Protein chains: 2
Amino acid sequence: MADDRFHVYDTTLRDGAQQEGLNLTVADKLAVARLMDSLGVGFIEGGWPGANPKDTEFFRRAQTELDLKHAQLAAFGATRRAGVKAADDPLVAALRESAAPVVTLVAKSHDRHVELALRTSLQENLAMIRDTVSHLRAEGQRVFLDAEHFFDGYKRNPDYALEVVRTAAEAGADVVVLCDTNGGMLPDELGEIVSATAAVGARLGIHCHDDTGCAVANSMAAVKAGATHVQGCANNYGERAGNANLFTVLANLQLKWGYDLVPPAALADMTRIAHAISEITNVTPNSHAPYTGVSAFAHKAGLHASAIKVDPNLYQHIDPALVGNDMRMLVSDMAGRASVELKGRELGYELTSDQSRNLVEHVKGLEAKGYTFEAADASFELLLRDTVNGERKRHFSVESWRVIVERRPDGEVVGEATVKLHAKGERIIATGEGNGPVNALDRAVRHALETIYPELAALELIDYKVRILEGTHGTEAVTRVLITSSDATGEWATVGVDENIIEASWQALEQAVTYGLLRAGHDLT
Amino acid sequence: MADDRFHVYDTTLRDGAQQEGLNLTVADKLAVARLMDSLGVGFIEGGWPGANPKDTEFFRRAQTELDLKHAQLAAFGATRRAGVKAADDPLVAALRESAAPVVTLVAKSHDRHVELALRTSLQENLAMIRDTVSHLRAEGQRVFLDAEHFFDGYKRNPDYALEVVRTAAEAGADVVVLCDTNGGMLPDELGEIVSATAAVGARLGIHCHDDTGCAVANSMAAVKAGATHVQGCANNYGERAGNANLFTVLANLQLKWGYDLVPPAALADMTRIAHAISEITNVTPNSHAPYTGVSAFAHKAGLHASAIKVDPNLYQHIDPALVGNDMRMLVSDMAGRASVELKGRELGYELTSDQSRNLVEHVKGLEAKGYTFEAADASFELLLRDTVNGERKRHFSVESWRVIVERRPDGEVVGEATVKLHAKGERIIATGEGNGPVNALDRAVRHALETIYPELAALELIDYKVRILEGTHGTEAVTRVLITSSDATGEWATVGVDENIIEASWQALEQAVTYGLLRAGHDLT
């Protein structure tokens with residue numbers, strides 16, 4: 001089990017689930033829990049049993065289906081209702097029945113919230129805390145208390161806020177978690193309040209939201225001021241601006257402050273875990289996320305690439321391998337020869353000086369027309385190969401294509417494409433239908449080539465991005481299309497540019513198929 | 001012009017442009033500059049003239065096409081090359097020729113970078129700084145100096161790092177900007193280093209990256225320690241984890257610390273500006289972004305809604321109207337009746353209760369499918385009119401359309417569209433040719449209607465934006481098209497959504513023409 005001296009507490013499945021557009025099934029929740037457990041967190045707050053039927057189900061199934069190696073499950077809930085005994089409150093009963101080893105109770109610690117939202121007295125609120133905490137302790141569960149709106153409450157009425165902390169601790173709460181529920185705090189003031197609260201003598205935790213863009217910094221300020229329990233969510237999930245990104249906080253504490261929180265091998269799995277969770281939640285990952293984002297260690301400017309060749313640490317704050325992220329080089333209109341050489345080497349080619357120079361000129365020229373290679377590795381590699389080969393070779397050559405899209409009088413919209421091409425000495429004509437012009441072209445190409453190249457059956461067009469690039473005064477706008485394709489073993493991206501969106505799409509598609517065939521072993525000598 | 005005592009310095013167009021997937025044309029850059037100027041920032045770093053041809057062009061065109069009200073343009077560049085006189089260095093010359101009132105020079109302040117990346121001596125590096133700064137000052141430009149890798153450099157060799165600051169300031173740099181180039185710093189340590197550096201007596205600035213998730217907190221720690229110049233990018237753009245989000249920093253400084261940086265009316269426009277910039281960059285906005293994200297003040301119904309009715313401040317850290325993120329600005333899927341009524345009134349319609357409610361339901365339903373009305377006022381107004389009229393009335397009704405795009409054997413790509421429609425009792429068939437499918441459709445519609453409605457000659461399709469919206473589990477991706485049209489007196493935007501990009505474009509086009517005819521006085525009774 002994880003070390004109890006410092007708590008890494010994951011609330012992805014409860015507070016994180018309040019994110020707009022996030023809807024997890026029980027199976028999803030179990031899968032996320034397994035992933036966070038493999039990261040080595042100490043606690044996984046599975047939900048609010050009793051209040052949320054899916055969560056009641058989660059805790060029930062967890063008993064037989066979840067085999068946690070590091071983490072303990074925590075059930076979240078509220079203190080008993082005003083005027084009702086803890087033992088008689090059905091929601092409190094649900095917490096007991098969840099069989100979670102830990103219960104985290106949320107309680108008001110802001111006097112105005114007690115009065116206006118709960119509509120009870122300040123004293124009764126303290127009794128609610130005292131009774132519920134001691135009741136659950138007596139029943140054998142470990143109790144943490146989330147002091148809701150703590151910092152706003154402390155600023156308005158510090159005595160009452162501290163009284164809440166004291167009451168909870170004396171009643172047996174192992175940790176009192178100070179929550180910046182509205183997310184409006186900044187690190188210095190928050191740190192001061194945590195320090196002042198530490199005087200009560202209770203073990204403190206911290207729970208931050210990112211409304212001022214300081215959730216991570218706030219969490220760390222609290223730790224510096226004495227908190228030994230940090231809450232957050234995977235991938236900065238959560239309502240509004242999200243909860244503190246637990247991955248960022250974990251990496252900062254372990255790699256910057258030397259805290260020994262999770263096994264290094266688990267930390268080195270963090271990027272994979274972050275992305276695996278995105279797949280389950282179906283929330284598009286933030287490519288910019290610190291440590292785990294696909295761009296987190298991606299260098300673009302030519303300025304940096306030459307330095308990286310000398311010493312990677314000159315331009316990286318940590319070794320990306322520590323968190324399981326790769327360093328990637330981007331080729332862009334800021335790239336110089338160094339980037340191109342490095343990129344070439346990354347792809348397995350050693351370029352001569354002349355070849356580098358020619359390729360750079362070629363890339364810059366194409367980029368001035370609107371091409372971008374940083375998001376289209378496969379197109380770049382084809383260019384590279386053409387440079388190394390000294391000529392442009394392909395598996396098939398296209399004679400012509402035609403796309404028809406029509407909206408019929410009955411309102412139905414249909415798309416059809418016909419391609420005429422030459423491959424392996426044959427002239428082939430094929431037609432495809434689709435829900436859009438590019439889809440139809442894609443099908444037509446496949447029909448044309450599938451007999452000669454059966455491996456194309458595994459090729460799938462999985463993403464299509466379009467961008468209209470405004471021309472300057474007097475010149476036409478051009479369209480840039482980026483296509484991402486996949487086969488059984490990986491993904492690749494290709495780019496096409498033209499005034500005509502279909503032609504631009506065709507270019508990207510033609511390269512995607514070519515690259516797919518290369519991946520399938522059909523070399524071009 | 002903005003107050004010079006505290007600098008809000010925008011580097012979206014230079015450092016922000018280093019983001020993966022971000023590729024701005026010169027026209028895009030000018031548009032972004034205008035938006036940031038309207039926010040009231042003090043400086044806009046337009047790019048690196050001389051090193052980047054697009055940026056050279058930007059500064060050239062800015063002289064006649066950019067009419068800045070608050071900000072000054074800054075040209076970014078490097079100190080002269082080792083062993084060359086500043087006056088003889090062509091890249092330094094490009095900075096002079098940019099005619100920007102401000103030049104921001106980047107210089108090494110980390111000894112290892114000087115030795116390994118620049119491959120020159122520590123003394124020569126100081127000379128490079130001294131010469132370039134004084135040269136540009138003598139030539140009449142104001143100079144700021146970006147001390148690259150300052151914090152890492154200070155930790156390794158504090159004396160040298162401070163010597164760089166001193167040298168730059170003595171040579172005439174008005175501000176020395178301490179850059180956390182690798183983004184690895186945390187706020188406390190960064191604040192201490194800024195304090196120590198303040199002892200040199202130079203005016204200090206701060207430039208942070210988000211690799212530890214603390215860019216905003218780091219920027220604020222620096223300000224607390226004495227920095228009076230803050231750099232950042234719109235929407236957290238930038239390489240790797242991005243630059244400090246300038247919007248977040250600005251809102252924090254002004255709303256939390258009471259700094260008087262931009263006019264309150266400008267701050268109240270910040271959310272609109274943030275989203276307008278996303279439309280230009282075509283980078284999907286982060287719905288979670290503090291202050292400006294669409295979710296930033298979105299409260300889950302239930303728990304919070306009743307409290308909000310009592311006192312909004314119970315659950316919000318600031319009044320969202322202060323940053324323009326309230327429901328009165330946008331019609332969105334968080335819209336309630338109040339927004340729609342206000343929007344209707346804004347457009348000159350008084351809606352009954354029932355009409356408001358129906359319209360809201362209709363808008364929400366459409367938005368769930370991918371429509372967005374915040375960037376498509378004309379489409380919203382047509383919806384409104386249909387609601388008020390009780391039915392959908394148009395000047396023409398379409399029987400069918402067909403688009404053909406082909407690439408001929410000689411390589412030529414041609415587009416043709418045929419439209420069959422009814423107008424003023426006639427059935428009309430017309431064909432148009434174009435360089436793309438949408439262009440061809442546009443011409444076909446005009447041909448069809450121009451005899452009946454000669455005013456259509458003034459209608460021009462001036463912008464076309466496409467975004468592919470990923471479907472959720474099991475549903476198809478859809479394409480959203482936004483078309484901006486203009487006539488002699490103004491512009492309007494319309495939206496279309498469909499799986500098929502041509503059909504989506506058709507919808508936006510059909511509405512654009514309808515709205516254009518309304519503007520020309522052809523009412524629909």
Side-chain angles (χ1 to χ4, degrees), chain A residues 18 20 113 116-117 182-184 186-187 210-214 216-217 239-242 245 248 252 256 282 288 290 295-296 298 300-301 307 310-311 314 317 330 372 374-375 399-409 413 435-437 464-470 472 499-503, chain B residues 18 20-21 23 25-27 113 116-117 182-184 186-187 210-214 216-217 239-242 245 248 252 256 282 288 290 295-296 298 300 307 310-311 314-315 317 399-409 413 415 435-437 464-466 468 472-473 499-503:
Chain A
Q18 292 184 188
E20 253 185 310
H113 276 261
L116 295 181
N182 283 355
L186 294 172
D210 211 22
D211 300 70
T212 59
C214 293
V216 169
E239 230 181 336
R240 304 187 317 269
N245 188 332
T248 312
N252 280 352
K256 302 281 176 179
N282 205 33
H288 267 330
S295 296
K300 179 164 167 174
V310 175
D311 177 358
L314 282 184
H317 74 111
L330 306 173
T372 177
E374 52 182 84
E399 183 186 302
S400 70
W401 52 258
R402 181 182 63 230
V403 170
I404 302 175
V405 176
E406 51 181 318
R407 185 211 266 186
R408 298 187 173 148
V413 179
N435 64 4
Y464 176 83
K465 283 179 169 37
V466 183
R467 179 120 155 75
I468 314 297
L469 305 171
E470 280 171 39
T472 45
E499 267 181 358
N500 186 309
I501 194 173
I502 314 294
E503 165 66 17
Chain B
Q18 293 184 186
E20 238 184 322
N23 238 288
T25 62
V26 176
H113 276 261
L116 295 181
N182 283 355
L186 295 171
D210 212 22
D211 299 72
T212 59
C214 293
V216 169
E239 231 181 335
R240 305 188 315 269
N245 187 332
T248 312
N252 281 350
K256 301 281 177 180
N282 207 32
H288 267 328
S295 297
K300 194 176 91 138
V310 173
D311 177 358
L314 283 183
Y315 277 92
H317 75 110
E399 182 187 303
S400 69
W401 53 258
R402 180 181 66 230
V403 170
I404 301 175
V405 176
E406 51 180 316
R407 185 210 267 185
R408 297 186 174 148
V413 179
N435 63 7
Y464 176 85
K465 286 182 164 41
V466 182
I468 314 296
T472 46
H473 274 308
E499 267 181 355
N500 185 310
I501 195 174
I502 314 292
E503 165 66 17

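As a basis for the values below, the full set of heavy atoms in this structure was taken, side chains included, without hydrogen atoms, waters or symmetry mates. Every chain is numbered from 1, with letters handed out A, B, ... down the list of sequences. Nothing here was measured: the structure is a model prediction, and the numbers come from that model.
Interface check for chain B: of the options A:Val405, A:Val216, A:Ile502, the most heavy-atom pairs under 4.5 Å are formed by A:Val405. Interface check for chain B: of the options A:His317, A:Glu503, A:Glu406, the most heavy-atom pairs under 4.5 Å are formed by A:His317. Contact count against chain B (heavy-atom pairs under 4.5 Å) is highest for A:Gly213 among A:Gly183, A:Gly213, A:Pro187.
Atoms CZ and CZ, from B:Arg407 and A:Arg402 in turn, are 15.0 Å apart once rounded to the nearest 0.5 Å. Here the CG-CG distance, from B:Leu314 to A:Leu116, works out to 6.0 Å after rounding to the nearest 0.5 Å. One distance of note links CG of B:Asp210 with NE2 of A:His288; it measures 9.0 Å at 0.5 Å rounding.
The contact between A:Asp211 and chain B is made by backbone and side chain atoms together, counting heavy-atom distances below 4.5 Å. Looking at B:Arg408, the atoms closer than 4.5 Å to chain A (heavy atoms on both sides) all sit in the backbone: N, CA, C or O. When heavy atoms are compared at a cutoff of 4.5 Å, B:Val413 approaches chain A solely by way of its side chain, counted from C-beta outward. Residue B:Thr248 touches chain A through its side chain alone, counting heavy-atom pairs closer than 4.5 Å. Interface remark: B:Ile404 contributes backbone and side-chain atoms alike to the contact with chain A (heavy atom separation under 4.5 Å).
For A:Asn435 (side chain) and B:Asn500 (main-chain N/O), no donor-acceptor pair under 3.5 Å exists by modelled atom type.
The closest side-chain heavy-atom distance from B:Cys214 to A:Asn252 is below 4.5 Å.
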